[in-house]
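Both backbone and side-chain heavy atoms feed into the values below; hydrogens, waters and symmetry mates do not.
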Number of protein chains: 2
Amino acid sequence: MKYIEKLRNSGLRPTKQRLQICEVLFNTERTFHFTINELEQKIKDKIDNKISLATIYNTVHAFEKKGYLKQIPVNSNQTYFDTNITDHHHFYNLKDGKLIDLENSDVGPINIKRKIDGKKIKSIEVLVKLED
Amino acid sequence: MKYIEKLRNSGLRPTKQRLQICEVLFNTERTFHFTINELEQKIKDKIDNKISLATIYNTVHAFEKKGYLKQIPVNSNQTYFDTNITDHHHFYNLKDGKLIDLENSDVGPINIKRKIDGKKIKSIEVLVKLED
DNA sequence: TGACTAGTTTATAATGGTTCTAAATAGCTG
DNA sequence: CAGCTATTTAGAACCATTATAAACTAGTCA
Ligand SMILES: [Mn+2]
Ligand SMILES: [Mn+2]
Ligand SMILES: [Zn+2]
Ligand SMILES: [Zn+2]
């Protein structure tokens, strides 16, 4: 399978559960945004056996640490993740809590003029809140 | 007192608790960022009587709704608020979870080229994550 | 192939920030 | 002051997330 090597190279054992979660997350036409609850539902829909919620959390965190997923900063009681790990930004629809990708080309280049010494910039993320 | 009228004009009764919270939040040299826990501590330090945690939550939400406070989108288990309600951006120090203001002049002007129809932009917020 | 080991999964409990509840209190108006 | 409504409060409830610890499994090597 295509994900076995990817996992092994990351130092993660290619377990049945992780491979199935890879299918749901990465074997898709498009990238997408999700909360753990939404992912849990998607997994239930696409897979016959059960994967425990703890494993879903564990796996998402493992993948995030390896850089296969990103967390998106929004104000919500749930954590949002993104399978699109390129540098990009987001519209956040306050009405329904859905995110929409904003490519870098949709936002001008962002040049942070101020420096904090001893610190490096890890990421620059723009969140554009939308209302009706 | 200076906050009585502000509260009345907002349709909020100027209760003892709200006035005291106003003192802590707004009677300061500089604006600041806080979580509810940090605010609770600040209130304990500056005020003799007790204000219940429920009232702190109620008041912060009431003030946010009136536009006297802003919520800042970050990935944290706690909600961050800001007494600086001008349009501005943030550095987020991943090491200690502290926020630093980035003025609009520290970030170039941001021009969102894409439109979502039926939707208006409510805010544009840039979060710059810092690591060592 | 059969141990051995470390990594992983799992059900379930615990945690902790936030919200809810409903009774007591306090501000406002007449 | 009386009456009305908003507000405060202690404590319970909620719920996303994390911790626990026992069962299981992938990888290794004899
Ligand atoms: Mn979630
Ligand atoms: Mn908080
Ligand atoms: Zn995205
Ligand atoms: Zn700020």
Side-chain angles (χ1 to χ4, degrees), chain A residues 1 3-25 33-44 47-66 68-69 71-81 97, chain B residues 1 3-25 33-44 47-66 68-69 71-81 97:
Chain A
M1 316 291 193
Y3 299 113
I4 291 183
E5 207 170 349
K6 174 175 178 172
L7 290 173
R8 276 222 191 81
N9 292 341
S10 312
L12 298 172
R13 289 190 181 168
T15 63
K16 177 181 165 196
Q17 292 87 345
R18 282 179 179 158
L19 290 168
Q20 291 179 322
I21 294 174
C22 277
E23 291 292 331
V24 174
L25 289 176
H33 307 110
F34 64 92
T35 63
I36 295 289
N37 275 340
E38 290 166 349
L39 178 58
E40 190 185 16
Q41 197 49 59
K42 218 169 242 197
I43 289 169
K44 274 186 191 139
I47 281 173
D48 287 328
N49 52 300
K50 189 197 173 187
I51 298 180
S52 78
L53 184 56
T55 295
I56 297 175
Y57 273 100
N58 289 342
T59 302
V60 165
H61 288 145
F63 288 2
E64 190 203 357
K65 187 170 291 179
K66 295 300 177 184
Y68 303 143
L69 291 173
Q71 236 182 290
I72 302 169
V74 285
N75 291 127
S76 167
N77 58 325
Q78 288 168 262
T79 305
Y80 281 74
F81 294 91
Chain B
M1 315 289 195
Y3 299 113
I4 291 182
E5 207 171 349
K6 176 176 176 171
L7 290 173
R8 277 222 191 82
N9 292 340
S10 313
L12 298 171
R13 287 188 182 171
T15 63
K16 178 180 164 196
Q17 291 88 344
R18 283 179 179 157
L19 290 169
Q20 290 179 323
I21 293 174
C22 277
E23 291 291 330
V24 173
L25 289 176
H33 306 111
F34 64 92
T35 63
I36 295 289
N37 275 341
E38 289 165 350
L39 179 58
E40 190 185 16
Q41 197 50 58
K42 220 168 242 199
I43 288 169
K44 274 185 191 137
I47 281 174
D48 287 327
N49 53 301
K50 189 197 172 188
I51 297 181
S52 78
L53 184 56
T55 295
I56 296 174
Y57 272 99
N58 290 342
T59 302
V60 165
H61 288 146
F63 287 3
E64 190 203 358
K65 186 168 293 181
K66 295 299 177 183
Y68 303 144
L69 291 173
Q71 234 183 293
I72 302 168
V74 285
N75 292 127
S76 167
N77 58 326
Q78 288 167 262
T79 305
Y80 282 74
F81 294 91

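Residue contacts shown for A:Thr55 include a base, since a base heavy atom lies under 4.0 Å away. Contacts of A:Lys16 with the nucleic acid, taken as non-hydrogen atoms under 4.0 Å apart, are absent.
Atom CD of B:Gln78 and atom C1' of D:dT18 are 15 Å apart (whole Å). Atom pair A:Leu7:CG and D:dT25:C1' shows a separation of 15 Å (rounding to whole Å applied). For the pair A:Glu40 CD and C:dT9 P, the interatomic distance rounds to 15 Å; values are reported in whole Å. Counting to the nearest Å, the P atom of D:dA26 and the CG atom of A:Leu19 are 10 Å from each other. B:Leu53 places its CG atom 10 Å from the P atom of D:dA10, with the value rounded to the nearest Å. Taking atom CG of A:Asn58 as the reference point, atom P of C:dT12 lies 17 Å away to the nearest angstrom. In this structure, the CG atom of A:Asn77 is 8 Å from the P atom of C:dT19, given to the nearest Å. Spacing between atom CG of A:Asn37 and atom P of D:dC15 amounts to 11 Å, rounded to whole angstrom units.
Taking each heavy atom of B:Gly97 and B:Tyr80 in turn, the nearest pair found is O-OH, 2.8 Å. The nearest pair of heavy atoms linking B:Thr35 to B:Gln78 is OG1-NE2, 3.3 Å. Closest of all the heavy-atom pairs between A:Phe34 and A:Val60 is CE1-CG2, 4.2 Å.
Take the nearest nucleotide of DNA chain C for B:Arg8 and for A:Ile51: the residue whose nucleotide is more 5' is A:Ile51. The nearest heavy atom of DNA chain D to B:Lys50 and to B:Arg18 marks one nucleotide each, and the one closer to the 5' end goes with B:Arg18.
In this structure, A:Arg13 does not reach the C:dA6 phosphate: none of its side-chain N or O atoms is under 4.0 Å from OP1 or OP2. Side-chain N/O atoms of B:Gln17 include none lying less than 4.0 angstrom from OP1 or OP2 on C:dA26. Put simply, A:Tyr57 has no side-chain N or O that comes within less than 4.0 Å of OP1 or OP2 on D:dT18. Side-chain nitrogen and oxygen atoms of B:Thr15 include none within less than 4.0 Å of the OP1 or OP2 phosphate oxygen of D:dA6. Under 4.0 angstrom from either OP1 or OP2 of D:dT18 there lies at least one side-chain N or O belonging to A:His61.
Proximity of B:Glu38 to B:Gln41: side-chain heavy atoms (C-beta onward) are nowhere separated by under 4.5 Å.
Interatomic distance, CZ of A:Arg18 versus CG of A:Asn58, reported as 8.0 Å (0.5 Å rounding).
Listed candidates were C:dA11, D:dT9, D:dT17. Nearest to the side chain of A:Ile36 is D:dT17.
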